Amino acid sequence: MIRKISITLAAGCLGLSVAAQQSVGWDEAYRQADARIAGLTLDEKIHFMRGYSSFFFYGVPEKGIPYLYLSDATQGVHLRNNLPDTTMVRQLARSTAFPSPVMLASTFDPDLAFRYAEAVGEECRAGGIEVLLGPGVNIARNTQCGRNFEYLGEDPCLASALTAAYVRGMQSTGTAACLKHFIGNETEFYRRRSNSLIDERALHEIYMPAFRAGIEAGAAYVMTSYNQLNGEWTGQDAYVIGNLLRGELGFRGCVMSDWRSVYDTEKIVKCGQNVEMPGRHEFFDEVRALLRDGRITEADIDRMIRPNIATAIAFGLYDREKYQPALLERFPEHARLAGEVAAKGAVLLRNNGILPLDPGRRILLTGRFLDQVPRTGGCSSASAEVLGYDNITLAEAMRAEFGSNVQVVAHPSREQLAEADVVVLSVGTIDVESFERPFALPREEEAFIRMAVAANPNTVILVNTGSGIRMTGWNDRAAAVLCGWYPGQNGMTALVQILSGKINPSGKLPVTIEREFADSPAAGTMPAGAEFYHKAPRAYNEALIGVYDVDYAESVLVGYRWYETKGIRPLYPFGFGLSYTSFALSKPHAAKLFPEKDALKVRITVTNTGKRAGAEVVQLYVSQRNPSVLRPVKELKDFRRVELDAGESREVVFDLDREALAFWDDVKHGWRVDSGEYILSLGTSSADIDFELPVRVK
């Protein structure tokens, strides 16, 4: 029997939703905020203009406004032990280290994103944390960006669907979500000196949709970014905050700056920014000087702090019990969920038939991360660092699964490699905010991988990283390649059980992996002659470099859009991932004429034609024949992850709205749908298209 799944574009890609856990309407929240502001002294108002004690919003408890605690990150709760005023927050003794958001994106599963965020939100509530500084929703434009692991891939449709689900999941617990970093923060190389040059179309078609989805899902907070956008720092730019964020996206919550990212106090007060975080030492004196000189007024200060207080009222952050220690009992379920994300997010890129590994084979385990759980963040100052608990290393997971058949050798000889039945070689990177990292692995690691695949044709490569890496020199000689991203505290167990066959891999790439970084549209991101740096003091010494331009000259051709439109063949395409079973798609059906008002229904059946249960992701792309402006060869507009037993079939019904056909008209400054013929492409990756359907639009 064929079962049916129906999904809509609005839910799948634009993330439209009712507001999550907002207890007071915006108009009423602002009315109440005005009443509370009227009871504050001028000095108290000035304190509300900036952060307090590094990770708090200011409060006046005796006037019914408690301090609010903000915590990093997206993939769990970053436990900080260096807060100056620890009496204000009961630190969690531990927090669950979930797989990185890029691994979550690889699941193509909004429901899982909801549950992931819900679990993180529960840990925030247990520890008295009102605001979680996530999700990070910048686009993975640049493979070398050290923060791609925090984001949800290169495609705005995928990122939008997962962002909306994440916000709903987080805020269902009463923890407020903060979308970051608005906008154009796709490089970490001296990020406080980068000027992102982005045209109007790219802003609207690529970089703003995930923020729009999060706002429409009810996100309480938005954080501006470190970079300039077209010549002005985003955190003090009235166009970015007033026109784009509040005007076009309709955001009514609180805007905060990223930490130490704004410089001009008068602009900060007048641009629509609500809180300078964590606040410069000279801030108070500068505000008072501006007041004295008549360049700002107390009314300007009231307008600045008003959304901060109104947002806390709207989401009930001032009037609730701070701690919910009973939620600590949910930790075992959170750990199980972390393992589920790793199991569904690992991407099998290559397999010559060696996987699953046959029982009894002698395995030599070598490479990086044998006795270390590869963590994103990399240092305590990085916002995304989540230490986790009961961490399981690769060596421990391999011994638990394969027993005495595993021999761990950190630095094997060529002869030892050749003698093993199977070599499992762990490689990868540690990616950190504030740093770019080379696309290519270090020379010594690259040489060792090449030696291993030459010495033993049964070499399985396990890759742990936060973005794509250069695999061109050894990919074709490896027996299998499994991308395990940063899998969290217990994710190594899931990765090893994929090797053994207990788990059927089902992850799909949320990014394109190019053959060479020179193929990427971001190849010129770092200034000519610039060198990678590896130490934090260098990263924060911006005096070493002036403001430099990052030219997004590719415009809307980001990720697979670039490679397909330019005819550049990547190593692995967006949306790609192998399974231990097989799937077939039936011929799809849709009307030949796009409805004028209603959604177009596109029907397709997916069948598991193999001998074991598994999951496939059906992907729907749209393209326009003979467009009036440059458009990508195709663009993802919806997707569905389908889990099927062996031999099972299921019908998927996509409801495609006309806005899926739209592009941003930078002359009329609005969305536009041209008449003519469009092509609907259905398949299992951007490069694996099974069927094309023409549809006409009047």
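Residues: numbered from 1 along the sequence shown. These numbers come from a predicted model, not from an experiment.
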Fill in: Ion pair check, Lys566 and Glu554, cut-off under 4.0 Å
no
Discussion item. Does Glu445 form a salt bridge (Lys or Arg N to Asp or Glu O under 4.0 Å) with Arg443? I'd like the steps, not just the answer.
Written reply: CA-CA 6 Å; Glu445 189 171 4; Arg443 184 177 303 173; over 6 Å; no
Item to complete: Kindly say whether the aromatic ring centers of Tyr621 and Tyr560 come within a distance under 6.0 Å.
Response: yes
Worksheet entry | Residue pairs involving residues 685-695 (criterion side-chain hydrogen bond (donor to acceptor under 3.5 Å, both in side chains); sequence neighbours excluded) | Ser685-Asp688
Worksheet item: Hey, are Ser506 and Arg641 close enough side-chain-wise for a donor-acceptor pair under 3.5 Å?
Response: yes
Worksheet item: Under 3.5 Å, is there a donor-acceptor pair linking the side chains of Thr429 and Thr465?
Response: yes
Discussion item. Test salt bridge (Lys or Arg N to Asp or Glu O under 4.0 Å) on Lys344 and Glu643; report intermediate values, then the result.
Written reply: CA-CA 11 Å; Lys344 293 181 176 179; Glu643 300 191 9; 3.3 Å; yes
Response to the item:
Hits for salt bridge (charged side-chain N to carboxylate O under 4.0 Å, His left out) against Glu188, two or more places apart or cross-chain, chain-then-number order -> Arg191
Worksheet item: Just how far is it from atom CG of Asn148 to atom CG of Asn142, taken to the nearest 0.5 Å?
Response: 6.5 Å
Response to the item:
Those residues at least two apart in sequence (or on a different chain) that pass salt bridge (charged side-chain N to carboxylate O under 4.0 Å, His left out) with Lys502 are Glu401
Worksheet item: Do Asn351 and Tyr580 get their side chains close enough for a donor-acceptor pair, meaning under 3.5 Å?
Response: no
Item to complete: Identify the two heavy atoms, one from Val120 and one from Thr74, that lie closest to each other, and give their separation to 0.1 Å.
Response: CG2-O, 4.2 Å
Fill in: Within residues 451-485 or reaching into it, pairs that qualify as ring-ring contact (aromatic ring centres under 6.0 Å, His included) - sequence neighbours excluded
none
Worksheet item: Among side-chain atoms of His334 and Tyr116, is any donor-acceptor pair under 3.5 angstrom?
Response: no
Practice prompt. Quickly, which of Thr609, Thr607, Asn608 forms a side-chain hydrogen bond (donor to acceptor under 3.5 Å, both in side chains) with Ser582? Name it, please.
Written response: Thr609
Fill in: Listed once per pair and sorted, the salt bridge (charged side-chain N to carboxylate O under 4.0 Å, His left out) pairs that draw on residues 503-514, sequence neighbours left out
Lys508-Glu616
Practice prompt. List in chain and number order the residues that pass side chain to side chain donor-acceptor pair (under 3.5 Å) with Glu333, two or more places apart in sequence or in another chain; answer none if no residue qualifies.
Written response: Arg336
Discussion item. Under a 4.0 Å threshold between the charged nitrogen and the carboxylate oxygen, would Glu154 count as salt-bridged to Arg141?
Written reply: no
Discussion item. Tell me if a side-chain donor or acceptor on Asn138 pairs with a main-chain N or O of His181 at a distance below 3.5 Å.
Written reply: yes
Worksheet item: Is the distance between the ring centroids of Tyr207 and Tyr552 under 6.0 Å?
Response: yes
